[in-house]
Peer 1: 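Mind having a look at this structure? Questions to follow.
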There are 2 protein chains.
Amino acid sequence: MSEAISGSMEDYLETVYQIVQEHQVARPKDIGKALGVTGPSVTKALRWLADHGFIHYAPFELVTLTEKGEKAAKQVVRKHEALRDFLVRVLAVEAKEADEAACKLEHALSPDILERFIQYADFVDTCPRNRGKCFERFAWHCNQNQTTSDNCETCVGESLDNVRQKKQKKDDAGTKPALLKNMLPGFKGRIAQLSHRTSIGQRLSEMGIETGAVIEVEKVTGEGDMIQIKIKAYHLSLRKEEAAHIRVNPL
Amino acid sequence: MSEAISGSMEDYLETVYQIVQEHQVARPKDIGKALGVTGPSVTKALRWLADHGFIHYAPFELVTLTEKGEKAAKQVVRKHEALRDFLVRVLAVEAKEADEAACKLEHALSPDILERFIQYADFVDTCPRNRGKCFERFAWHCNQNQTTSDNCETCVGESLDNVRQKKQKKDDAGTKPALLKNMLPGFKGRIAQLSHRTSIGQRLSEMGIETGAVIEVEKVTGEGDMIQIKIKAYHLSLRKEEAAHIRVNPL
DNA sequence: TGACATTATTAGTCGTATTTAATTATATTA
DNA sequence: TAATATAATTAAATACGACTAATAATGTCA
């Protein structure tokens, strides 16, 4: 009675509601088909829903919603429809795609934010200042360039990298241990920590090199894949991935 | 290598990325604290991420992102930020709430629809026709009436009921089996199916009444809780919930 | 270096949601 | 009415994501 309804139980309830709308009564087979699950999953879900007072259910008998179940189902259906509505009317997403997306989103949306979505969709329709004119432009624009995910995937990396570079600089200036991987030629520092289990860690260990040894970066090659260091009497060439396991304190 | 990354693994990856941004290196304890999970959960997640090539990880050693991991993490971070951005700038959701909501939503959003969200947020900022004027109105409106979820919960039931009524009528007109529960006084039909396990089903069974018997609805009481029927020589009064288990074919 | 506190890992368990395989109930047909 | 087909059930198994308790590794301080 007290446990909260889970996302998947909401799905079952919603499906029962929709099938009851159409056929008066829901049968496990149809529920399973609608949700893409097998019979036993449905049986279990129905028993849970019955135990918690959402449906009338007895083995081999007809399945219908209780008052409580109908109310709960309507809330779920409402969420679903509101989201789909938003996606279609505001974001100009294609109907089928919007429906599928709404299915996944509906369980992750808090009631308050759901209301915002609804209000916004209404607002777009009724705002006296532009009466949809402005938003039609958006829909049109969306349908013109179908590039969607492609044209932004590349630039995002760069923009995030920029943020990172900035932070990097700040850290470099400080005295915090840094990763050898990120150091530039001319850097000089002391090993703060190294991983004995990694290949490079073992190589260094075998040479008797441990925490505290002074290390110098000599060269970083073209694509940034290799880094050449000098340590004690040795000159070593490391892959950046190896260098990711060594922390250094700048001197 | 082939299995898809799950929602929670994305969370771990995102967290590792963010901690690496700040401290060069991520430690299990901090990851756990950031995600609100215990140590062992982190260990398991890290092993999965390492097995699938997202991070460099060996027990007790430093954790850093691989190339693949960094790329994947950036995608996740981008999703998160884009969603939060949308919620804050377009839907005028309060920053902290938006951040939490974005956490939950980000795993349920397809790339294509995510792009729509981003495009729309940009559109709102740059649309030359209103230059934000119109959307400020929405934000203002949201902050005026804090009613959000309350004022709509009631009407939704009604609107859904309307849809249902319409479908109901259509079905009633046809010859499909209907639920006795939904029949009105004067209805005459034949029992199509009944549940022997329910109390009313047993009562009827005991009277020797089975599928095919002719049934007549005499009266439906006030609040619609009871339904009076005539069957063979008997007059019976049923609760609607009982009547939900009997299907009838109209004559 | 040794003892201690901190942190990380392993092993075992729980709850949810699903599956397959085998069983039982109902419906259909000869 | 018996034989068969369809559907629903139970039981046992798998996967995932989290937990607790016990064990092991590491870093620190005297």
Side-chain angles (χ1 to χ4, degrees), chain A residues 2-13 15-16 19 23 25-52 55 57-63 104 107 177 191-197 201 205 210-212 245 247 249, chain B residues 2-13 15-16 19 23 25-52 55 57-63 103-104 107 177 191-197 201 205 210-212 245 247:
Chain A
S2 51
E3 317 147 48
I5 190 168
S6 72
S8 81
M9 284 306 142
E10 279 185 348
D11 279 334
Y12 282 104
L13 189 60
T15 305
V16 170
I19 294 179
H23 303 107
V25 107
R27 283 177 321 155
K29 194 198 170 197
D30 301 322
I31 299 168
K33 204 160 57 184
L35 283 168
V37 297
T38 54
S41 312
V42 179
T43 301
K44 223 173 180 187
L46 292 180
R47 203 156 43 196
W48 189 94
L49 288 172
D51 286 349
H52 293 74
I55 59 172
Y57 166 74
F60 299 98
E61 303 300 347
L62 307 172
V63 175
K104 287 183 235 148
H107 305 302
I191 295 181
Q193 194 173 2
L194 64 84
S195 301
H196 297 276
R197 273 163 229 231
S205 293
E210 289 296 343
T211 303
H245 288 274
R247 270 212 294 191
N249 278 315
Chain B
S2 52
E3 319 146 47
I5 190 168
S6 71
S8 80
M9 284 305 142
E10 279 186 345
D11 279 335
Y12 281 105
L13 190 60
T15 305
V16 169
I19 294 180
H23 303 108
V25 108
R27 284 175 323 156
K29 194 200 170 196
D30 301 322
I31 299 168
K33 204 160 59 184
L35 283 168
V37 298
T38 54
S41 312
V42 178
T43 301
K44 225 175 180 183
L46 291 180
R47 201 156 45 197
W48 189 96
L49 288 172
D51 286 349
H52 292 74
I55 58 172
Y57 166 76
F60 299 100
E61 303 300 347
L62 307 173
V63 174
C103 266
K104 287 183 236 150
H107 306 301
I191 295 181
Q193 193 174 2
L194 63 83
S195 301
H196 298 274
R197 273 164 227 231
S205 292
E210 289 295 343
T211 302
H245 289 273
R247 270 213 291 192

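Residue numbers begin at 1 in each chain, while the letters A, B, ... track the order of the sequences. Computed from a predicted model, the values in this text were never measured in an experiment.
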Peer 1: Among the nucleotides C/dT10, C/dT20, D/dG17, which one has an atom lying closest to any side-chain atom of B/Met9?
Peer 2: D/dG17
Peer 1: With side chains defined as the heavy atoms from C-beta onward, is the minimum distance between A/Val37 and A/Ile31 less than 4.5 Å?
Peer 2: no
Peer 1: Judged by atom type as modelled, is there a donor-acceptor pair below 3.5 Å linking the side chain of B/Thr15 to the main-chain atoms of B/Asp11?
Peer 2: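 Confirmed, B/Thr15 side chain pairs with B/Asp11 backbone.
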Peer 1: Less than 4.0 angstrom between a side-chain N/O of A/Tyr12 and OP1 or OP2 of C/dT18, yes or no?
Peer 2: yes
Peer 1: Take atom CZ of A/Arg27 and atom P of C/dT26, then tell me their distance rounded to the nearest Å.
Peer 2: 14 Å
Peer 1: Side chain of A/Thr43 only, please: which of D/dA18, D/dT10, C/dT10 is the nearest?
Peer 2: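 Nearest to the side-chain atoms of A/Thr43, counting from C-beta on, is D/dT10.
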Peer 1: Taking all non-hydrogen atoms of both residues, which atom of B/Ile19 and which atom of B/Val25 are closest, and how far apart?
Peer 2: CG2-O, 3.8 Å
Peer 1: Strictly by modelled atom types, are A/Asp30 and A/His23 linked by a side-chain donor-acceptor pair under 3.5 Å?
Peer 2: no
Peer 1: Expressed in angstrom and rounded to an integer, what is the separation of A/Leu35 atom CG from C/dA17 atom C1'?
Peer 2: 12 Å
Peer 1: Roughly, in whole Å, what's the span from OH in B/Tyr57 to P in C/dT10?
Peer 2: 6 Å
Peer 1: B/Ser8 near the nucleic acid: base, sugar-phosphate alone, or nothing, with a heavy-atom cut-off under 4.0 Å?
Peer 2: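 Sugar-phosphate: the residue B/Ser8, judged by heavy atoms under 4.0 Å, touches backbone atoms but no base.
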Peer 1: Considering only D/dT20, C/dT20, D/dA18, which nucleotide approaches the side chain of B/Val37 most closely?
Peer 2: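 In terms of side-chain proximity for B/Val37, the closest of D/dT20, C/dT20, D/dA18 is D/dA18.
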Peer 1: OP1 or OP2 of D/dT9 versus the side-chain N and O atoms of A/Arg47: is any pair under 4.0 Å?
Peer 2: no
Peer 1: State which of C/dA8, D/dA8, D/dG17 makes the closest approach to the side chain of B/Ser6.
Peer 2: D/dG17
Peer 1: Would you indicate which nucleotide in D/dA21, D/dT9, D/dA18 comes nearest to any side-chain atom of B/Pro40?
Peer 2: D/dA21
Peer 1: Take the protein atom NZ of B/Lys44 and the nucleotide atom P of D/dA15, then report the distance between them rounded to whole Å.
Peer 2: 12 Å
Peer 1: Whole-Å distance between D/dT9 P and A/Lys29 NZ?
Peer 2: 14 Å
Peer 1: How many Å lie between CG on B/Leu13 and P on D/dG17, as a whole number?
Peer 2: 14 Å
Peer 1: Can you check the A/Phe60 CZ to C/dA27 C1' distance for me, whole Å?
Peer 2: 12 Å
Peer 1: Tell me what A/Ser41 touches on the nucleic acid: a base, only sugar-phosphate, or nothing, going by heavy atoms under 4.0 Å.
Peer 2: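 Result for A/Ser41 = base.
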Peer 1: Provide, to the nearest angstrom, the distance between the CD1 atom belonging to B/Ile31 and the P atom belonging to C/dA8.
Peer 2: 9 Å
Peer 1: If you define the side chain from C-beta out and look only at heavy atoms, does anything of B/Tyr57 sit under 4.5 Å from B/Leu49?
Peer 2: no
